[in-house]
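Accompanying notes for the structure given below.
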Amino acid sequence: MSRKVVRTSKFRHVFGQAVKADQCYDDIRISQMTWDSNFCSVNPKFVAMIVDASGGGAFIVLPLSKTGRIDMSLPTVCGHTGPVLDIEFCPHNDNIIASCSEDCSVMIWEIPDGGLISPLKDPVVKLDGHSKRVGILSWHPTAHNVLMSAGCDNVVILWNVVHGEAVVRIDSMHTDLIYSACWNRNGSQILTSCKDKKLRVIDPRKGSVICEKDKPHEGSRPVRAVFVSDGKILTTGFSRMSERQVALWDPNNFSEPLTLQELDTSSGVLLPFFDPDTGVVYLCGKGDSSIRYFEVTDEAPYVHYLSMYSSKESQKGMGYMPKRGLEVNKCEIARFYKLHERKCEPIVMTVPRKSDLFQEDLYPDTIGPEPSLEADDWFAGKNGEPILISLKDGFVATTKNKEFKVIKSLMATTSSSSKTFHLGTAMATTAAMRPKIPSAIHTICTPDEPILKEE
C-alpha cells in the first residue's frame, strides 16, 4: 500500500475558541504605540496590559476573575515618564512584574493579591543602564531574579534584580536595532535577531557569540526568533517579495534551513509562542485577525501546519498563559489573551476529547514556578534545568497559586525608603527592626537576618 497521505498527530484537531462576551475585559484603552512587543502579560493570577496614558506610560494589572467592563478610574501602574513598551511577569513569583519604557528605564513592581486599590507609582527596584528607549524584557527561565533587557541603544543587559545592578553588559556585538531576544530552556544561551540581518546565539555570561547566521530571511522587515525543541531555532521573517516566512534552523549547521515555508503577503510581524510540552508553535501577527499553529517534529518537513484560528477583529497584542494556569480537565493546551482596540479577549485552544479525565499524553510534566538556582549562582557559572511539576492533581491548586509568600509589610513605603527588599524571597523584618539608612544606599539581605519559613 502507498504511504499515508495524512500525518497522524494528536494536535491535528486543535481548535481555538473565543470566550463569551461576559468573560472578556472591556472598555480598556490599549496603547497606540507602534512597537512590536506583546503589550500583554499573563499568569495564573493576573493579566497585565499596556494602556494609553497622558503625561507618561502606564499599564493595568487585573485579577483574572475581574472580567466585564473595566472602570475608567481603575488604578494603574504609572511610574514611567515615557510610554511603556514591554511588560513581563516573573515566572518564579506571580506578584512580580517588570516593565520597560521610552524613558530608558526598567522597573520592577510588586502587585498585591487582589489587584491594585490605588495608583502604583513607586517601583520596588528601578534599573538604569540604557541610554535609549528599552523595548525588550525577558526573565531568566530557571535562575531567580535574573532579568534581560534590550534597548534601542543596541545593548543587551543582564540584571541581578536583588542587587539592582547590571552584571553583564553586551554593548559591542549588535550594530543595529535588536528585534528580539530570548533564552533557551535552561537559560544557558541567548538568541537575538537584529536589524543588521544577523541571527546570533550568545553565551550570556561571557558575552561572546557561539554561532551566527547572516540573513535568515532575505527581506528587510523585522525577524523574530525563538528556541524550540532540541536546541533548534524557529524564525519568522519576510522574503524579498515581502512574503511572510517561517523557518527552522539547526545551530550546528546554519548554512541551510531545515525547512522554509512561505505563509502569506501580510505586513504584520509574526510573534512566535512555543510550547515545549506539546511541540506546538503559535504564530500571532500584529494587525492580523488570526493565529496559525504548527507542530515542530524531528521528521521532515519538521514544521507541520495544523490549523488556524480566525476572527473578524485584528489583534494589537497577545498574552500567552503559562501551562500551570490552564484548565487541564477541559483539555485546554493553550490560552491567549488577544488585545483589541478597546478590550482584551481570551482565546482558548482545546484538543477535543470525549473523556473529562486527566489526559496524560497532553500534559507531560511542565515547568513550575520554583527556580533552580539563585542569581548569584547563575552569574558564577552554574546552570540549572527547569524544575518540573505534574498538572494531574495540581491544576486546581495552581489557580490559587500558593507557591510563593511575599511579605507585603515591606512594601508599605517606597523603594527609596529605609527598608530592604529581597525580591521574590520570603523574608520579613518589620520597620522597627530596620536601621534607617540614606535613600541612595542599596542594601542586600545577609544570611544572619531573620528568614520567614514557608509552611
Side-chain angles (χ1 to χ4, degrees), residues 24-67 69-91 93-127 130 133-139 147 149-151 161 271 286 315-322 336-346 411 414-415 423:
C24 295
Y25 307 85
D26 289 310
D27 217 11
I28 298 169
R29 294 176 300 167
I30 302 300
S31 173
Q32 300 295 316
M33 288 296 297
T34 53
W35 185 258
D36 289 328
S37 69
N38 299 341
F39 280 23
C40 179
S41 184
V42 294
N43 66 24
K45 276 188 180 180
F46 301 107
V47 53
M49 294 162 273
I50 302 175
V51 295
D52 266 340
S54 56
F59 60 95
I60 60 171
V61 182
L62 303 171
L64 286 186
S65 58
K66 191 176 176 64
T67 54
R69 185 178 175 277
I70 305 301
D71 196 329
M72 295 280 283
S73 62
L74 190 83
T76 60
V77 182
C78 51
H80 286 285
T81 56
V84 177
L85 298 180
D86 198 10
I87 52 177
E88 186 172 357
F89 277 108
C90 176
N93 189 330
D94 288 344
N95 294 73
I96 299 297
I97 187 170
S99 62
C100 62
S101 164
E102 278 198 355
D103 65 12
C104 308
S105 71
V106 177
M107 296 185 181
I108 313 297
W109 311 86
E110 187 186 38
I111 309 301
D113 286 330
L116 300 176
I117 55 175
S118 61
L120 188 57
K121 297 180 180 179
D122 299 302
V124 178
V125 183
K126 184 180 180 184
L127 306 172
H130 288 280
R133 62 182 180 174
V134 189
I136 299 171
L137 287 177
S138 183
W139 289 96
L147 179 68
S149 64
V161 176
L271 308 176
K286 275 230 165 175
Q315 54 227 20
K316 294 179 66 66
M318 195 70 76
Y320 181 60
M321 174 66 80
F336 291 92
Y337 285 72
K338 174 180 172 179
L339 302 186
H340 299 248
E341 289 277 346
R342 301 281 298 184
K343 74 172 182 178
C344 174
E345 176 186 48
M411 298 303 298
T414 69
S415 60
L423 187 64

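- For the salt bridge (Lys or Arg N to Asp or Glu O under 4.0 Å) test, residues two or more places apart in sequence or in another chain that qualify with R342 are D27.
- Separation of atoms CE (M318) and CG (L339) is listed at 7.5 Å; rounding is to 0.5 Å.
- For the residue pair Q315 / H340, no side-chain donor-acceptor distance below 3.5 Å is found, with atom types taken as modelled.
- A side-chain contact (heavy atoms from CB on, under 4.5 Å) with V51 is found for exactly one of V84, I70, L74, I28, namely I28.
- To the nearest 0.5 Å, atom SG of residue C344 and atom NZ of residue K338 are 11.0 Å apart.
- Residues satisfying the side-chain hydrogen bond (donor to acceptor under 3.5 Å, both in side chains) test with S65, not counting sequence neighbours, are none.
- Annotation: side chain of L127 is in contact with side chain of L147 (closest heavy-atom distance under 4.5 Å).
- For residues 96-105, the pairs satisfying salt bridge (charged side-chain N to carboxylate O under 4.0 Å, His left out) are E102-R133, with sequence neighbours left out.
- Counting only distance, with no hydrogens or angles, the side chain of Q32 and the backbone of I30 share a donor-acceptor pair below 3.5 Å.
- Taking each heavy atom of P63 and G114 in turn, the nearest pair found is CG-O, 3.4 Å.
- No donor-acceptor distance shorter than 3.5 angstrom exists from the side chain of N38 to the backbone of G317, with no hydrogens or angles considered.
- Residues passing the ring-ring contact (aromatic ring centres under 6.0 Å, His included) test with Y320, sequence neighbours excluded: F273, F336.
- Taking OH of Y25 as the reference point, atom CE of M49 lies at 7.0 Å (rounded to 0.5 Å).
- A donor-acceptor pair under 3.5 Å is formed between the side chain of K286 and the backbone N or O of S37.
- Residues forming a side-chain contact (heavy atoms from CB on, under 4.5 Å) with S41 (at least two apart in sequence, or on another chain): I87, E88, F89.
- Applying the side-chain contact (heavy atoms from CB on, under 4.5 Å) rule to L116 yields the partners P75, V77, I111, P112, L120; only residues at least two apart in sequence or on another chain are considered.
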